[in-house]
Amino acid sequence: MPQNQRAVLELLYQVSREFATALDLKVVLTRVLFSAIKNVGGERGSVVVMDDHGRAVDSAFVYGNQVRESATMQLKDTVDRGLAGWVVRSRKGALVPDTSLDSRWLRREDDHVDRSGAKSAICVPLMAREKLVGVLTLVHPIPKAYNSEHLELMQAIADQAGIAVLNARLFSESQRQARVMTALAEGAARINSFVRIDDLFENILLQTKQALQVDVTVLALVDGSDLVFRATSSNASSLIGKRVKLREGIAGMVVRQERGIIIPSKTSDTQPLLAEVEKIPGIRVGAFACAPIHVQGKVIGVLEAINPVNRIFDPDALLVLTGLGALAGTTIQNAQLFESLDMARKRYRDLFEDSIDPIVITDLQGHIIEVNKQAAVLSAHAAISLREFNIEQVHDLNFERTGRHFEDISDFALTYESTLYDSHGGTHPVEVYVRKVIFDNAESIQWILRDITERKELDSLREDLAAMIYHDLRSPLANILSSVEMLDDIFPAEQRELVGPIVQIAHHSINRIQRLVSSLLDLNRLEQNHPVGDRISVEVATLVSDSLEAIKPSVEGREQTISINLSSGLPSVSVDEDMIRRVLINLLENAAKYTPVGGSIEVGAEVSGEFLRFYVQDNGLGIPDVDRERVFDKFTRLKNKTGASGLGVGLAFCKLAVQGHGGKIWVEPAPQRGSKFVFTLPVPNEK
Ligand code: ADP
């Protein structure tokens, strides 16, 4: 083997070993350059590394025995247009004996013939696994310094370098990805540990600043058709709360397109885009990156990074920013939820404290956890000592409603009247509203103990008053009635025909007033659970005919027809005669009142099992299904066009009177139209 060839082989072996031992891309590149200059000769050299898409991603530049800082962006120009560009496109080495005579040589300002004169150059592709991974260029200050042998040697070195450069590039890419992953993982860990929204914002900005190595970070959230600035790492606090329209500006564009953007530097093209960012007080924008903040596929805001410390953004800056945006989204949403929950809790607290009703919160066993001011006031216990009690010690529990172990208490309030005991041995009537609530994150029971002392006092006053009035009205009414009855006898026979009808009307009206007064009095008594008075045995037929007699004038006046339908052999009933007669009269009066002129009414009675069943049926207005229960409540009057007057107490009286006799009363639709009121009375035991 010739001496020369052997030397070359040794050289290559050495070179390949040297290259292969390094993984750091910068180290590999400088080694390649030094080794090329040393073995091929030359004044300076450069190497540009390219990714799989042919983009310049890194570079190194050596002058003599010094490594110079190089900007990959500048070299990109060379790779696109200059000698290196030609090599990239043709994938072949190029020998340029005289740079001043070769058009491929891209002359820069400082490289003019007059200044530094003609040079010679060699440029070869760096290939690995049949892919171009870069270009290597050497420059000699003297023209024709290189010949084809130099080119061959250079190509041989480049062949060794290719794979080493590729490995180092892949390594640095994986390193970068690892860095991104670490930045995101660290961001996630830190960001997730904040729940207060302002702390969270501050932390997101700090993480972003550190991960991207920028001067300023800004966070803005979408609010309707605006973006609102919520936080910034700069000291421009005047920015906070400012709004920009989503349809304008660069941040709005990021929201609309749901995609991040990087503006590497301010040029005449990007100037208008950056104008918006420049509005941030005290900031002159060099480079700008903006990524959306995502939650479940929805953009809720943007994260902005301004002015990288190194002047330019790393290639993966957008990736990191987008990752941080995605991380921030979920946490911001959580913090917002937490904040609204916190506010709701505070609102409940305020309502609780300020409520004019005493409120007590207990656990599910009834141990008092919390009381409001009013509970302490009414019970005359200090709040702190109430917390030692069980709810049972504060008021009379109604286990029938709550269940022995409070199992019947649910989310819906149940109510009962009860008595609250105070620390002085006093009692207070209360209306209790009790339901389950979540209190301080735990299932609890809320007891509202409304003080109804005043209402009770008023009720009894009203009842006393009513009882007094009804009672005191009865005897004068009875006197008037007997006086009117006497009139009949006083007048001589020839005048009776004239006076008779007038006396009749007076008689009838007084009877009505008397019935009304008696019914009101009974209603009052029955409501207070007084038993029905003395009962006597009465024939059904007598009851019915007496009642019909009483309503005859109204029915005749309205030209209504009445039919009677009594089964034969009806037993007599044992009742407070006056009371049950008034029940029948009430039903008949209603039938007449709520049935048009000329209508028909039917009254009947029959035996049904152990009960006697009475009914009064009409073909009038009828009663809607929804109101069938309600009409028996006190003071309930349905809206209808009859204009009939009344108090709404008649049916309430009927109900209590019938129930007082052990029967039931209800209303059903009449077969054709109208209503059928039915009531039952127990048949007395025949023994
Ligand atoms: P009122 O003094 O209003 O008649 P009631 O307690 O006797 O009071 O009746 C309550 C309401 O029930 C009445 O206002 C009326 O709307 C309705 N009602 C009672 N009886 C009848 C009926 N036979 N037909 C239709 N509606 C009736």
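Both ligands and their constituent atoms are indexed starting at 1 by order of listing. Excluded from the calculations below are hydrogen atoms, water molecules and symmetry mates; all remaining heavy atoms, backbone and side chain alike, are included.
- At least one heavy atom of Lys593 sits less than 4.0 Å from an atom of ligand 1.
- Taking every non-hydrogen atom of Val631 and a distance limit under 4.0 Å, the qualifying atoms of ligand 1 come out as 12 (O).
- Annotation: atom 26 (N) of ligand 1 to nearest protein heavy atom, Ile623 CG1, 3.6 Å.
- Counting the atoms of ligand 1 from 1 in the order shown, those under 4.0 Å from a heavy atom of Ser675 are 22 (C), 23 (N), 24 (N).
- Atoms of ligand 1 lying under 4.0 Å from any heavy atom of Gly622, numbered from 1 in the order shown and given with element: 25 (C).
- With a 4.0 Å heavy-atom cut-off, ligand 1 is reached by no atom of Phe632.
- Summarising the geometry of Ser600 relative to Thr595, their closest heavy-atom pair is N-CG2, 4.4 Å, with the distance given to 0.1 Å.
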Full working for ring pair (Phe, Tyr, Trp, His ring centres under 6.0 Å) between Trp447 and Phe439: CA-CA 12 Å; Trp447 311 76; Phe439 187 80; over 10 Å; no
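- Which of Thr636, Asn619, Asp618 comes nearest to atom 23 (N) of ligand 1 through a heavy atom is settled by distance: it is Asp618.
- Checked against a 3.5 angstrom limit, the closest N/O atoms of Arg637 and ligand 1 fall inside it.
- Each of the atoms 20 (N), 21 (C), 22 (C), 23 (N) of ligand 1 lies under 4.0 Å from some heavy atom of Phe677.
- Side chain of Asn390 to main chain of Gln393: no donor-acceptor pair is present (N/O by atom type, distance under 3.5 Å, no hydrogens or angles).
- Ligand 1 has an N or O atom lying under 3.5 Å from an N or O atom of Tyr594, backbone or side chain.
- In the vicinity of Gly646, heavy-atom distances shorter than 4.0 Å reach the ligand 1 atoms 2 (O).
- Looking at ligand 1, you won't find any N or O of Leu621 less than 3.5 Å from one of its N or O atoms.
- Shown in contact with Gly648 at under 4.0 Å from a heavy atom are these atoms of ligand 1, numbered in order with element: 1 (P), 2 (O), 3 (O), 6 (O), 8 (O).
- From the protein, the heavy atom lying nearest to atom 19 (C) of ligand 1 is Asn590 ND2, 3.5 Å.
- By the 3.5 Å distance cut-off applied to N or O atoms, Leu651 is counted among the residues near ligand 1.
- Under the 6.0 Å distance and 45° angle rule, Lys676 counts as a cation-pi partner of Tyr615.
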Output side-chain donor-acceptor pairs under 3.5 Å for residues 530-544, partner residues at least two apart or in another chain, one line each.
residue : atom : partner : partner atom : Å
Arg535  : NH2  : Gly660  : O            : 3.4
Ser537  : OG   : Ser572  : OG           : 3.4

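- Using a distance-only test at 3.5 Å, with no hydrogens or angles considered, a donor-acceptor pair links the side chain of Gln560 to the main chain of Ala592.
- No side-chain donor-acceptor contact under 3.5 Å links Thr636 to the backbone of Phe632.
- For Arg581 and Asp578, the salt-bridge test passes: some basic side-chain N is under 4.0 Å from an acidic carboxylate O.
- Under the ring pair (Phe, Tyr, Trp, His ring centres under 6.0 Å) criterion, Tyr348 pairs with Phe352, sequence neighbours left out.
- The shortest N or O to N or O distance between Leu638 and ligand 1 is below 3.5 Å.
- Taking the side chain as every heavy atom from C-beta outward, Ser379 and Leu449 never approach each other to under 4.5 Å.
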